[in-house]
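Below is one structure, written out as structure tokens, with a few remarks after it.
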Amino acid sequence: MTVVLGIETSCDETGAGLVAEGRLLGDALSSSMSEHARFGGVVPEIAARAHLEAMLPVVREALTRASLDLSDVGAVAVTAGPGLSTAVQVGLASAKAFAFALDVPLYGVHHLAGHAAVDVLEHGPLPPRCVALVVSGGHTSLLLLGDLARDPIVHLGDTADDAAGEAFDKVARILGLPYPGGPSVDRAARDGDPRAIAFPRPLTRPSDPRYGFSFSGLKTAVARWVEARQGAGGDLPVADVAASFQEAVADTVTRKAVAACLDHGVDTLLVVGGVAANSRVRALAEERCAAAGIELRVPPMRLCTDNGAMIAAVGDLLVRAGAPASELRIPADPSAPLTGALLAGPWR
Amino acid sequence: MLLLALDTATATATVALHDGERVLASLRAADARKHAENLVPAVQAVLAETGRARRDVTAIAAGVGPGPFTGLRVGLVTALSLGMALGVDVHGVCSLDALAAEALATGAVAEGEEFVVATDARRREVHSARYGGSPLRRLTGPQVGPAADVERSGLRVVGSGVPLYPDALGPRPGRAEDSGPLDVDAAHLAAVAAAALRGEGGWQLLPPEPLYLRRPDAVEPGARKRVTA
């Protein structure tokens with residue numbers, strides 16, 4: 001049995017996790033989110049400084065929680081991209097040093113593959129094929145997965161502009177709600193009517209990219225509506241705007257995800273990433289999957305957002321599949337295209 | 001003693017091994033954008049060259065800058081992670097101290113001479129510190145600012161700031177001075193750390209934390225822009 005140490009530093013979370021044979025042994029996380037709040041978004045230099053300070057303490061804490069010693073680690077997996085370059089570099093350099101000092105293999109993995117792999121830790125092995133909807137502050141992607149460790153990952157679609165989570169942040173700002181926008185919009189929407197305002201469902205016409213997303217226009221539509229209402233001197237119905245915007249996002253992402261499953265004859269949908277925490281995205285995904293006879297898998301919330309366990313999980317799949325290790329010379333790739341779990345691409 | 005020294009504060013990722021008495025091997029990989037790619041392979045290479053195993057390392061010294069932030073962090077997190085995995089102490093050394101030590105060791109400056117080290121800090125600024133005394137030690141700095149603001153007081157300047165800002169930091173009138181060492185060589189950083197560990201010389205070890213000298217660039221957003229006129 002090989003214990004895999006996973007390291008994640010692609011955005012504002014410093015994560016370390018330990019996984020063996022599909023089981024999470026321990027993990028730890030440090031977030032610099034509160035330091036970014038007053039800037040309304042993640043500041044790369046602030047995130048990277050926090051990663052350097054947190055890196056070793058987080059690895060130590062994960063080991064303590066797993067009752068393991070660093071010498072028990074048999075492989076190291078790390079996010080080599082995509083992500084904020086200066087942030088990715090911290091985790092990658094640390095992982096290389098650990099792999100070299102411990103004389104164990106290094107696996108430079110794709111961040112999104114980690115998001116998909118993490119559900120293995122909670123709900124067991126993935127089926128032979130499934131669709132993954134990754135919705136977070138940095139990504140909105142539909143992936144067609146086979147054997148995650150061995151097969152190429154088919155990138156069905158992506159956002160053309162803002163990620164879904166980014167749209168939540170921007171709409172929160174328009175409505176005067178706090179950062180991060182995901183939880184604050186969700187909270188405000190509880191008392192609102194999701195049908196109060198008919199915001200657009202971006203890229204849902206027949207001629208649009210079937211698995212493509214776009215949230216920039218939706219955000220602007222919300223801003224226009226709010227400015228028109230304010231210009232007319234009316235009170236801003238924050239709850240209704242929040243609920244109607246949230247409904248537009250949830251409707252769009254779940255509609256496209258279910259369509260991807262049906263188009264590809266796949267009976268399992270994975271929903272992962274920070275926006276999977278949104279109550280409406282979850283409820284609508286459950287409803288539509290049930291109607292279409294699709295099994296919905298959503299990892300527990302703390303594993304949905306960026307963490308080290310998800311990188312250890314994908315590393316564990318690679319180790320057990322006998323994947324080739326990465327070289328200690330591998331560069332960070334901030335805009336890595338997704339071709340397979342290994343950043344270098346599928347290897348079989 | 002087997003001291004592993006590394007530095008990524010200047011354009012060269014550099015690694016050396018020192019046995020407490022002398023430098024056993026050193027390596028420099030010149031490409032500032034590839035510190036992250038070159039560093040661990042360089043550690044591997046100096047160990048291989050000297051026939052030592054990674055477990056033979058008894059202490060680590062890392063340059064703490066000042067220098068460009070991304071590279072600096074790569075060096076420090078590498079040193080800290082190696083230190084944790086090998087169970088050895090990690091010490092910080094001001095990267096400008098290594099350049100000063102090299103300037104003296106190579107005869108660019110004379111024993112007892114007071115001089116300034118200035119390196120590229122990007123954004124039309126330099127990192128600088130003043131050195132002197134016997135044994136050599138840092139007298140002031142490090143600090144960051146425009147080359148024109150460096151208080152050289154008629155002193156010789158060495159480092160990568162010299163060719164970048166010849167008007168402010170170039171040779172003094174009538175003297176044939178070259179710029180001395182431009183980028184850090186870990187062999188000299190190792191010598192500084194080894195002397196400090198022996199309690200000799202004028203050098204001081206620092207915590208293994210970056211000397212950023214600048215705050216992160218980040219501006220709080222102003223009022224949201226309207227999308228309608």
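Protein chains get the first letters and strands the later ones, always in sequence-line order, with residue 1 at the start of each. Computed from a prediction, not measured in an experiment: that's the story for all the values here.
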Cross-chain donor-acceptor list, chain A and chain B, 3.5 Å limit, no angles:
{"from": "Arg38(A)", "atom 1": "NH1", "to": "Glu220(B)", "atom 2": "OE2", "distance (Å)": "2.4"}
{"from": "Glu45(A)", "atom 1": "OE1", "to": "Arg73(B)", "atom 2": "NH2", "distance (Å)": "2.8"}
{"from": "Glu45(A)", "atom 1": "OE2", "to": "Arg73(B)", "atom 2": "NH1", "distance (Å)": "2.9"}
{"from": "Arg49(A)", "atom 1": "NH1", "to": "Arg214(B)", "atom 2": "O", "distance (Å)": "3.3"}
{"from": "Arg49(A)", "atom 1": "NH2", "to": "Arg214(B)", "atom 2": "O", "distance (Å)": "2.9"}
{"from": "Thr86(A)", "atom 1": "OG1", "to": "Thr70(B)", "atom 2": "OG1", "distance (Å)": "2.6"}
{"from": "Thr86(A)", "atom 1": "OG1", "to": "Arg73(B)", "atom 2": "NH2", "distance (Å)": "2.9"}
{"from": "Ser94(A)", "atom 1": "OG", "to": "Ser81(B)", "atom 2": "OG", "distance (Å)": "2.8"}
{"from": "Lys96(A)", "atom 1": "NZ", "to": "Ala36(B)", "atom 2": "O", "distance (Å)": "2.8"}
{"from": "Phe100(A)", "atom 1": "O", "to": "Arg54(B)", "atom 2": "NH1", "distance (Å)": "2.4"}
{"from": "Arg173(A)", "atom 1": "NH2", "to": "Gly222(B)", "atom 2": "O", "distance (Å)": "2.7"}
{"from": "Glu227(A)", "atom 1": "OE1", "to": "Val227(B)", "atom 2": "N", "distance (Å)": "3.2"}
{"from": "Glu227(A)", "atom 1": "OE1", "to": "Thr228(B)", "atom 2": "N", "distance (Å)": "2.8"}
{"from": "Glu227(A)", "atom 1": "OE1", "to": "Thr228(B)", "atom 2": "OG1", "distance (Å)": "2.2"}
{"from": "Glu227(A)", "atom 1": "OE2", "to": "Arg224(B)", "atom 2": "NH2", "distance (Å)": "3.2"}
{"from": "Glu227(A)", "atom 1": "OE2", "to": "Val227(B)", "atom 2": "N", "distance (Å)": "2.9"}
{"from": "Arg329(A)", "atom 1": "NH1", "to": "Asn38(B)", "atom 2": "OD1", "distance (Å)": "2.9"}

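- Contact of Leu47(B) with chain A is made through the side chain alone, with heavy-atom distances under 4.5 Å.
- Comparing Val59(A), Val90(A), Ile330(A) by how many heavy-atom pairs each has under 4.5 Å with chain B, the most go to Val90(A).
- Taking all atoms of both residues into account, the shortest heavy-atom contact from Val227(B) to Ala223(A) is CG2-CB, 3.6 Å.
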I would like to know whether Met84(B) and Leu70(A) meet side-chain contact (heavy atoms from CB on, under 4.5 Å); could you show each step before the answer?
CA-CA 9 Å; Met84(B) 177 174 163; Leu70(A) 201 51; 4.0 Å; yes

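- We find the CG-CG distance between Leu80(B) and Leu52(A) to be 6.5 Å, quoted to the nearest 0.5 Å.
- Counting heavy-atom pairs closer than 4.5 Å to chain B, the top-ranked of the candidates Val43(A), Leu328(A), Leu102(A) is Leu328(A).
- Neither the backbone nor the side chain of Leu106(A) comes within less than 4.5 Å of any heavy atom of chain B.
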